[in-house]
Amino acid sequence: MLQCKVPIICFNAKDFLRTLLQVYGNEISWKQVANSVVLDPRIAAWLINPSDTVPSFESLIQKYFEKPSSKGAENTDTGVNLEKLYNVMMDLAQDLKAQGLWNLFCTLELPLIKILAVMETHKIYVNKQELKKTSEILGLRLKELEQEAHEVAGERFLLTSSCQLREVLLLLLLLKLDVQDQELASLNKLQDLHPLPKIILEYRQGFISSTWNQTGTVTGRLSAKHPNIQGISKHPVTITKKQYIKGKEEDIITISPRTLFVSKNGCTFLAADFCHIELRILADLSCEPELLKLFQEPEITDIFTTLASQWKGIPSDQVKHADREQAKRIVYSVVYGAGKERLADCLGITPVQASQFIESFMEKYKKVYEFTKKTIEQCRNKGYVVSIMGRKRPLANINAQDYKLRTQAERQAVNFVVQGSAADLCKMAMVKIFASVVTSPTLTARLIAQIHDELLFEVEDSQIQEFSGKYSLSCSFPPTHFYSLYPVISQRIES
DNA sequence: CGGGTAGACGTCAGG
DNA sequence: TCCTGACGTCTA
């Protein structure tokens with residue numbers, strides 16, 4: 001079936017392909033999926049309406065089979081189902097073409113099926129022992145904290161219940177508790193493990209592999225579960241603890257959740273990520289000159305640092321990490337339509353000040369404001385919004401009477417165009433790089449995860465130069481690359 | 001009455 | 001502000 005030149009129609013094709021790869025893993029290489037052509041009606045249905053998850057094959061059939069099935073079908077259930085499957089796919093294909101989604105379906109979403117199937121068959125090694133230990137330590141620390149909280153509060157209650165916590169805080173009224181900041185516990189430094197012999201290391205390592213959902217979001221992004229590898233804490237957490245655990249006598253301990261994932265022997269994890277992709281897309285779509293200028297200056301390495309320095313009126317080398325984070329929050333908050341109360345809350349200023357802030361922002365980046373207005377207007381007329389690659393999101397509430405519902409739809413419209421377009425580009429990068437690795441006779445790099453704007457690979461040590469040089473993504477990704485990519489996309493949509 | 005389950009909601013990690 | 005998933009409580 002992998003060699004078959006004729007397209008295969010399959011509901012949940014990714015699961016089928018994964019099973020094929022797992023069962024025949026010894027006889028076939030993962031690269032062989034490249035030859036197959038698979039059509040998945042579920043993905044087609046999701047593209048037509050992304051808020052529609054289509055839970056089962058039966059429900060899809062039911063939905064697309066209002067018209068009576070053509071007579072003369074075989075008597076067996078299998079025969080009938082096969083015919084239905086074929087007819088449903090043909091109907092969906094017609095719909096996709098009629099709605100301008102056919103190209104997106106063929107060039108992005110269909111190739112992705114195989115990529116995700118291959119990703120799910122790859123084992124990601126984890127340091128099982130360290131994970132277990134971390135879990136135990138965290139459990140202990142949580143108990144400690146619970147006890148402390150009870151003592152301070154003067155009564156027993158469930159820390160994890162926001163409801164009960166609220167009540168307790170209300171009763172106390174006097175002191176402000178900040179439980180959240182101290183909630184995490186500790187772990188021994190992982191460096192201690194490095195000198196351990198290979199065999200022991202291997203013995204200690206277990207492995208995991210996430211499940212990737214291609215039809216689970218309304219914006220076109222991917223999502224992952226069991227575990228959600230897209231949501232692993234990025235920054236290490238440091239903590240001071242009172243109790244000594246298992247003889248390790250350290251007061252301050254750091255936990256780096258990402259280091260618990262380890263690359264295979266002789267391999268290295270290599271991450272390639274887009275730089276400020278959403279802001280670049282916003283600059284491009286709005287044609288905002290001030291924003292475009294920032295991206296075109298070669299000496300600017302970090303846009304948010306630059307924005308922070310402009311805003312605070314200080315040199316960019318004096319911008320602190322907190323300033324940068326603040327600038328980032330401001331930009332995305334304002335662009336996606338945060339209200340004055342929310343922004344005030346976020347920045348620790350009064351709503352009146354926040355309101356003035358938003359106004360001056362919109363004044364400075366006028367084209368961005370016009371872009372949001374135009375997007376909302378188009379959504380009102382058509383009932384949906386469209387991303388760079390033609391991905392659609394219908395927003396029924398865009399013309400609603402209810403103010404709350406209507407303004408929410410307006411924010412969703414603006415957000416979709418930017419976030420959805422970013423999803424398009426990230427998926428495109430995935431498809432292109434995968435295709436290139438698959439056809440390479442030498443490269444063996446495996447895709448481990450996609451964290452929205454980042455691709456994580458496991459690369460043989462001897463191939464790091466060849467791999468990173470070939471794509472030169474992580475080293476440098478200047479704006480010019482982005483703009484050279486964009487016309488290609490537009491052209492594809494036209495054809 | 002005890003115990004399991006489903007859905008809603010809150011918080012927090014990612015982007 | 002938008003989009004996710006994990007994990008906890010709470011209600012039915």
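All chains are named by letter (A, B, ...) in the order of the sequence lines, taking the proteins before the strands, and each is independently numbered beginning at 1.
When the side-chain contact (heavy atoms from CB on, under 4.5 Å) test is applied to Ala338(A), the partners found at least two apart in sequence or on another chain are Ser333(A), Arg342(A). Applying the ring-ring contact (aromatic ring centres under 6.0 Å, His included) rule to Phe269(A) yields no partners; only residues at least two apart in sequence or on another chain are considered. Applying the side-chain contact (heavy atoms from CB on, under 4.5 Å) test to Arg393(A) and every residue at least two apart in sequence or in another chain returns Val218(A), Val385(A), Leu395(A), Gln412(A), Phe416(A). For Arg380(A), the side-chain contact (heavy atoms from CB on, under 4.5 Å) criterion is met by Ile376(A), Glu377(A), Ile398(A), Asn399(A), Glu410(A), not counting sequence neighbours. Contacts of Asp323(A) classified as salt bridge (charged side-chain N to carboxylate O under 4.0 Å, His left out), with partners at least two apart in sequence or in another chain: Lys312(A). With sequence neighbours left out, Glu341(A) forms a side-chain contact (heavy atoms from CB on, under 4.5 Å) with no residue at all. With sequence neighbours left out, Lys427(A) forms a salt bridge (charged side-chain N to carboxylate O under 4.0 Å, His left out) with Glu109(A).
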Scan nucleotides 2-10 of chain B against the protein and return all N/O pairs shorter than 3.5 Å with their distances rounded to 0.1 Å.
none

Protein-nucleotides 5-7 of chain C N/O pairs under 3.5 Å:
unit_1	atom_1	unit_2	atom_2	d
dG5(C)	OP1	Ser223(A)	OG	2.9
dG5(C)	O4'	Asn228(A)	ND2	2.9
dA6(C)	OP1	His226(A)	N	2.9

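Counting any heavy atom pair closer than 4.0 Å across all strands shown, Leu222(A) reaches no nucleic acid atom. Heavy atoms of Gly339(A) sit under 4.0 angstrom from primed sugar atoms or phosphate atoms, though from no base atom. Looking at heavy-atom distances under 4.0 Å, Val334(A) makes no contact with the nucleic acid at all.
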